[in-house]
Structure formats: C-alpha cells, structure tokens
Amino acid sequence: KATVSVLNWGRAIIRNRRCGGGGVQGPMDDLRTISAADVPATEKAAQYKQWVEARLAGKDVEGLVGFVEYVVDEQVHVSVSRPALTDWADMVLDIPEARGVEDQAPPLDHEDMVRLGNAALDAMQPRIGAFQEQAMLVSECLSWVHQDQQNWRLAIEALKRIPLDTAAVAEKGDAYKVEMWVRIARLYLELEDFYSAEQWLSKAWPLITPQTEQTTQLQFNATFAKIHDGKHRFFDAARKYYEVSHLVSGEEQGEALKQAIICIMLTDAGPQRSRVLTALYRDERTHRLGSLFTILSKMFLGRILRPSDIADVSHHLERHRDTLAADGRSVLDRAVMQHNLRAAARFYYNITFPELGALLSISPDAAERVAAKMISEGRLAATIDQVKDLLIFTREGTVFNQWDTQISSACHAVNALSEAIVARHPGRFKPTAPMQAS
C-alpha cells in the first residue's frame, strides 16, 4: 500500500507540472475545482470540455496529456471521466477529412496528435475495463491521423489494437466489426498487399446481410472488386465493379463502369466473358465512356482488335495490371490475342497456323499452343489438324443460325452508328412517331 501511495504521489507531481501547477493557481487547480464542485455530471463534463478547448487553442500539448492522466484516475468518477475522454478525443484527435470536411486543418500537428493518442491509450491501460469505448475511439482517431499522413502500416496497427471481443464492441453489434475489418482491408490495398486485404475482408463476409447498412455494403463490394483486380481475377473484378456501379451515382458510377470494362477486357476470352460483355454493351450508361465504349463495342461485335485499340486501353492500366504473364506477354496482350483468336472464328471456317500466327502477331507454334489451351479449357470451339497444320473452327447450329448472328451484329453496328450521328447533329433529326399496330 505504501508503494502504491508513493507511485500515485509521483504521478500527481508529474500531472501537476504538466498542467502548470505550482505555488500559484494553475490549470491543475482548475481541474480540481471542477472535480470538487457539487454539480451534475453533465455540467462537469461541459466544464472539462471548456478546459480542453482552452488548452487546445494554446497548443498546450503537455496540459492535454496531463488532462487525460487526471481524468482516468480513480478519484474521478467514471460517469464524468468517460464523457470527458470522449470529448477530448473528438477535439484533440480530429481529422476533418475523416468527417468529410475538406480545406480545414487539424487542430494540432500530426506528431503532437500521435503523441497525445499514444499517451491516452497508455494512461487508460491500467483501467481499460472501465474505458473500453474511449480506448476504441482513441485508436480509431489515431488511425485517421496516421492515414492522413499516408502512414498506412501505422494506421493498420492502430485499428488492430482494438479488441473486438469486449462488451463495448458487443453493444455496438456486428456492424462495428464489419466496419473495422473493411477499414483494415482498404488500408492494406493502399500498400497493394492484396492477400492481407482479402484475409481481413473475408472476416466480414459472414456478417454481410441484406440488412447491412448500404454504405458498408458499398465499401465491402468496392474493396472486394479491388482485391479481385489486384490478384488478376479480372472476371470476378468486372462483375463486382459492375455491381458497385448500381450502388453509386455521378463520377463514382462512371469510374466503376470504367473499371468494369477494363477488367472484362483483361479477362480470358470465353463464354463467361461474353455474358458480361453483353451486359456492359447493352447498358446505356457505358455509351458515355468514349474510347472505352468504342473498344467495348468491337469486342462485343467480335471484331479484330488492332494495335491502335491496344494503345487506347493501355493508358488506363494501373501498375498492378501492367504485368507480364508466364509467356512474357503483358496481361493486356494475352487478352487481346485470345479475343482475336475467337474473333477469327467468325470469319474463317479454318486457318493455317502460319496465317493465324501472322494475324495474332506471334509465331505459328505459339498460335497452336494458344489455340490448344483454349480448346482444352472449353473457351474455343475448334479442332486441330496437326498433319495439315490447320485449325478448324466448329460451327454450332445451321447456316441460317450463323446468318442470323451475322445479321444481328450488322444491325447492332448500324444502330450504334445512327445513335452517334444523332448525338453529333441533334438538331437535324426529329424523333419518329411510334408505329401503331394495325
């Protein structure tokens, strides 16, 4: 007991010095006066808040540290210290951008805010059971401070310090856990650590339900889209981006559609890709995306893509997409090559591998390997005649079905051309009256 008393006495001296105590009336005495006043707890909390505002206005970092150490002491009742610490964290560790407010500076330098946040967590640790919710708030705020400085790893570590198995978290419900896990995953994306991001986001997966808040669902889906994208699962990424495009509006909607188109372009050619291509092509919102829609149209209509088309797409690629595959070709080159091979099936009944190699800008042997792989994976309906060095495309259905497909492609092309003409010369054309049934 004597040792504890000595320690408490030593801490009191340090707090007194930090808060300006001495032989004259100082800030520490003001805190004692507030604590001793016979007023309701709400009024004491308001007075503490005014005290913190005064110290904050004077950039008194030592005083702000001393305040935390004072209010967490057992001499201050938790009914007063809890709201006081909550107000302290909201004011001292405030990052306006985290609240959606731009062009407003934080109240203190980031270094001072980090010091204050860590000091608050250390001060609360001996009585963490009494201040679980306040410790959670300080850790969240500290993460925003690190994030504002793009210190992604420190921001992650601040969130990881929050124990999610406490009573305070249980009161907030599963929504709070999902929010924290999604935030951690999004921070790992900033480091381009897609594997860690997926690991943390997977924790939230079982807790996402139709009743989950729409903002949380949006962040979850957008984060999963970026993870699929980063791990080169482009088909899954395209579907997720397209799903996100229905949850947002304005510039965010256009960006989600743009990413969906880019990812479906990078997807291996095949029936699955064709289904998503069809959905994107028929979506009127994609028609406003300029050159990307032009290339999307060529892919949907099964046209051969030229080097100029590849150049139009390449400047949209982020660093993680602009990588080389096992064969030494870029992801984009491989996707375009497979698309052109499937497009050739629309114009040829059969083709020699030297001719196919020239069409795909690769060697005849490489063209045969690509075709064989796509055939074995069920992504190309064709057979190989190695004796004749020939690729024979398998035509499904009758000749009339093939004609129907070709006529449909031609109609789509004419329709797209007419829409472009009307869009460029809106004053020259009058809307036609709808046809009446006879």
Problem - Any F353 side-chain heavy atom under 4.5 Å of D365 side chain - result: no
Practice task
Hey, could you give me the CD/CD distance between E192 and E190, rounded to the nearest 0.5 Å?
Solution key: 9.0 Å
Handout entry: More than 12 heavy atoms from other groups under 6.0 Å of CD on E198
Key = yes
Problem - Aromatic contact, F194 with Y188 (centres under 6.0 Å) - result: no
Exercise for the section: Locate the shortest heavy-atom distance separating P107 from D94; write the atom from each residue and the value. Expected result: CD-O, 3.2 Å
Problem - Close side-chain approach of I184 and I162, heavy atoms under 4.5 Å - result: no
Exercise for the section: Taking the side chain as every heavy atom from C-beta outward, state whether R183 and Q147 have any pair of such atoms under 4.5 Å apart. Expected result: yes
Handout entry: Any side-chain heavy-atom pair of T286 and Y281 under 4.5 Å
Key = no
Handout entry: Heavy-atom pair of closest approach, residues F131 and M124
Key = CB-SD, 3.8 Å
Problem - More than 12 heavy atoms of other groups within 6.0 Å of E419 CD - result: yes
Exercise for the section: Starting at NZ of K226, measure out to CG of L189 and round the result to the nearest 0.5 Å. Expected result: 6.5 Å
Exercise for the section: Please examine the side chains of I264 and F235, heavy atoms only from C-beta on, and report whether any two atoms are closer than 4.5 Å. Expected result: yes
Practice task
Give a yes or no on whether E74 atom CD has more than 12 heavy-atom contacts from other residues, nucleotides or ligands under 6.0 Å away.
Solution key: no
Fill in the blank from the handout: Per salt bridge (Lys or Arg N to Asp or Glu O under 4.0 Å), D268 is matched among R342, R334, R233 by R334
Handout entry: I156 vs L191, side-chain contact (heavy atoms from CB on, under 4.5 Å): CA-CA, chis, key distance, verdict
Key = CA-CA 11 Å; I156 292 169; L191 296 170; 4.0 Å; yes
Exercise for the section: Might you point out which heavy atoms bring D87 and A45 nearest each other, and give the distance in Å? Expected result: OD2-O, 4.3 Å
Handout entry: Side chains of L359 and N340 in contact at under 4.5 Å (non-hydrogen atoms)
Key = no
Completion exercise
Output for pair (L332 CG, M265 CE), nearest 0.5 Å, gives 9.0 Å
Practice task
Count the heavy atoms of every other residue, nucleotide or ligand shown that sit under 6.0 Å from CD of E251, and state whether that count exceeds 12.
Solution key: no
Handout entry: pair V331-F234: side-chain heavy atoms closer than 4.5 Å
Key = yes
Exercise for the section: With the side chain counted from C-beta on, respond yes when L296 and L280 share a heavy-atom pair under 4.5 Å apart, and no when they do not. Expected result: yes
Exercise for the section: Drop me the distance from L93's CG to H110's NE2, to the nearest 0.5 angstrom. Expected result: 11.0 Å
Practice task
Search all heavy atoms of V71 against all heavy atoms of S81 and return the closest pair with its distance.
Solution key: O-CB, 3.0 Å
Practice task
Establish, yes or no, whether the cationic atom of R55 lies under 6.0 Å from the six-membered ring centre of W88 and within 45° of the ring axis.
Solution key: no
Practice task
Could you tell me whether D112 and R115 make a salt bridge, using a distance below 4.0 angstrom between a side-chain N and a carboxylate O?
Solution key: no
Completion exercise
All heavy atoms of V78 vs all of P83, minimum pair found to be O-CD, 4.0 Å
Practice task
Check whether more than 12 heavy atoms from other residues, nucleotides or ligands sit under 6.0 Å from atom CZ of R153, and answer yes or no.
Solution key: no
Exercise for the section: Kindly compute the distance separating CG (L289) from CD1 (I261), expressed to the nearest 0.5 Å. Expected result: 5.0 Å
Fill in the blank from the handout: d(L266 CG, R273 CZ) to nearest 0.5 Å is 9.5 Å
Exercise for the section: Might you point out which heavy atoms bring S139 and R161 nearest each other, and give the distance in Å? Expected result: OG-CB, 4.4 Å
